[in-house]
Amino acid sequence: MNLSRALLSLGTAAVLLVGIAGCAAPEPAETSTPVAITPTPTPTPTPTPDPVVRVEISTLTLDVYTDDALTYSWAHADRDPEEIPGLTEVFGSEPVMTTETKLGEGGNYDFAIFTWPGFELKYISSEFGRKNVWITATTAAIGDVTIGARGGAKVGDDAVALAAANPELATHQDAPFGEQLRIKVDSIPTGFQGGDGPAADFVAVYSTSPFTTVTSIYAPALNYGL
């Protein structure tokens, strides 16, 4: 009987030890430090610059450049009006159109005049078939479109410096509305012989009193050697 109790006590002790062992504190779980994720910035698109448009008046043509690439080119002589749609697109507005008829050498001359602020195209057609266009600019720009003569002269430029750089091409002359300084640029020989030597057509850059700045550009200035 005592032996049985002893064995029972030993069994009970063993069970208690197993239970205690099963109730031991668990080992702490591994922890990880969170990694901060930096978002990739969205690239800012580079703005596309607006095209640079300029109108250039030469002795033979009226040209339009967009970012220095020739967009339009119209000859002055022997044609009907054809650049009005192109210039309307370039300047962003319709011109004002007027007409007139004048009696000249050889018969009547019909004029169709197209005017934007500071820029005029005058088309002439005669009874004997002559067709030409004359251009006058009294502004250096219409909106963002710059206007100038071939070689770079623009309304508002320093006329004194331009005349000093081309003294043989600068003259003072009387005009219907007063004295003016005329500077020839982009001269093109005509084949005629004038009193001062070979004649040439040109773009006329004008300055009125006090003759300090360019006031207008006119083309083509025709020279028949007279």
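For the single chain, residues carry numbers from 1 onward in sequence order. All values below come from the heavy atoms of this structure, side chains included, with hydrogens, waters and symmetry mates left out.
The distance from the OG1 atom of Thr138 to the CZ atom of Phe119 is 10.0 Å, given to the nearest 0.5 Å. A distance of 5.0 Å separates OG1 in Thr61 from CZ in Arg150, rounded to the nearest 0.5 Å. Rounded to the nearest 0.5 angstrom, Leu162 CG and Asp157 CG are separated by 7.5 Å. In this structure, the separation between CD1 on Ile113 and CD on Glu100 is 4.0 Å, given to the nearest 0.5 Å. Taken from CZ in Phe114 to CD1 in Ile135, the straight-line distance is 13.0 Å, to the nearest 0.5 Å.
Side-chain contact between Asp144 and Val53 is absent, with no heavy-atom pair separated by less than 4.5 Å. Under the 4.5 Å side-chain criterion, counting only non-hydrogen atoms from C-beta, Leu121 is in contact with Trp116.
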Cut-off 3.5 Å, no hydrogens considered: what does the side-chain donor-acceptor table look like for residues 86-96, sequence neighbours left out?
residue: Thr88; atom: OG1; partner: Ile84; partner atom: O; Å: 2.8
residue: Glu89; atom: OE1; partner: Tyr72; partner atom: OH; Å: 2.8

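Legend: residues meeting side-chain contact (heavy atoms from CB on, under 4.5 Å) with Asp110, ordered by chain and number and at least two apart, are Thr101, Ser125. Residues satisfying the side-chain contact (heavy atoms from CB on, under 4.5 Å) test with Ala200, not counting sequence neighbours, are Ser187. Checked against side-chain contact (heavy atoms from CB on, under 4.5 Å), Pro51 has the following partners two or more places apart in sequence or in another chain: Thr66, Asp67.
Residue Tyr206 comes nearest to Arg182 through the heavy atom pair CE2-CG, 3.5 Å, listed as atom of the first residue, atom of the second, then distance. Nearest heavy-atom pair, Glu82 versus Trp74, reported as atom, atom and distance to 0.1 Å: OE2-CD1, 3.6 Å. In terms of heavy-atom proximity, Ile217 sits nearest to Ala153 at CD1-O, 3.5 Å. Nearest heavy-atom pair, Gln180 versus Phe211, reported as atom, atom and distance to 0.1 Å: CA-CE2, 3.7 Å. Across Val214 and Lys154, no two heavy atoms sit closer than the pair CB-O, 3.4 Å. Of all heavy-atom pairs spanning Met97 and Ala112, the tightest one is CE-CB, 4.1 Å.
Sequence neighbours left out, the pairs with a member in residues 208-222 that pass side-chain hydrogen bond (donor to acceptor under 3.5 Å, both in side chains) are Trp134-Tyr218.
Clustering of Ile, Leu, Val, Met, Phe, Trp and Tyr by side-chain heavy atoms under 4.5 Å joins Tyr65 with Leu70.
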Between Leu169 and Val185, does the side-chain contact (heavy atoms from CB on, under 4.5 Å) criterion hold? Intermediate values first, please. CA-CA 8 Å; Leu169 301 176; Val185 299; over 6 Å; no
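Counting only N and O atoms by type, the side chains of Thr59 and Asp201 include no donor and acceptor under 3.5 Å apart.
A salt bridge does not link Arg54 with Asp63: every distance from a Lys NZ or Arg NE/NH1/NH2 to an Asp or Glu carboxylate oxygen is 4.0 Å or more.
Under a hydrophobic clustering in which Ile, Leu, Val, Met, Phe, Trp and Tyr are joined whenever their side-chain heavy atoms come within less than 4.5 Å, directly or via other members, Phe202 and Leu222 fall into different clusters. Val203 and Leu60 are not part of a single hydrophobic cluster, where members link through side-chain heavy atoms under 4.5 Å apart.
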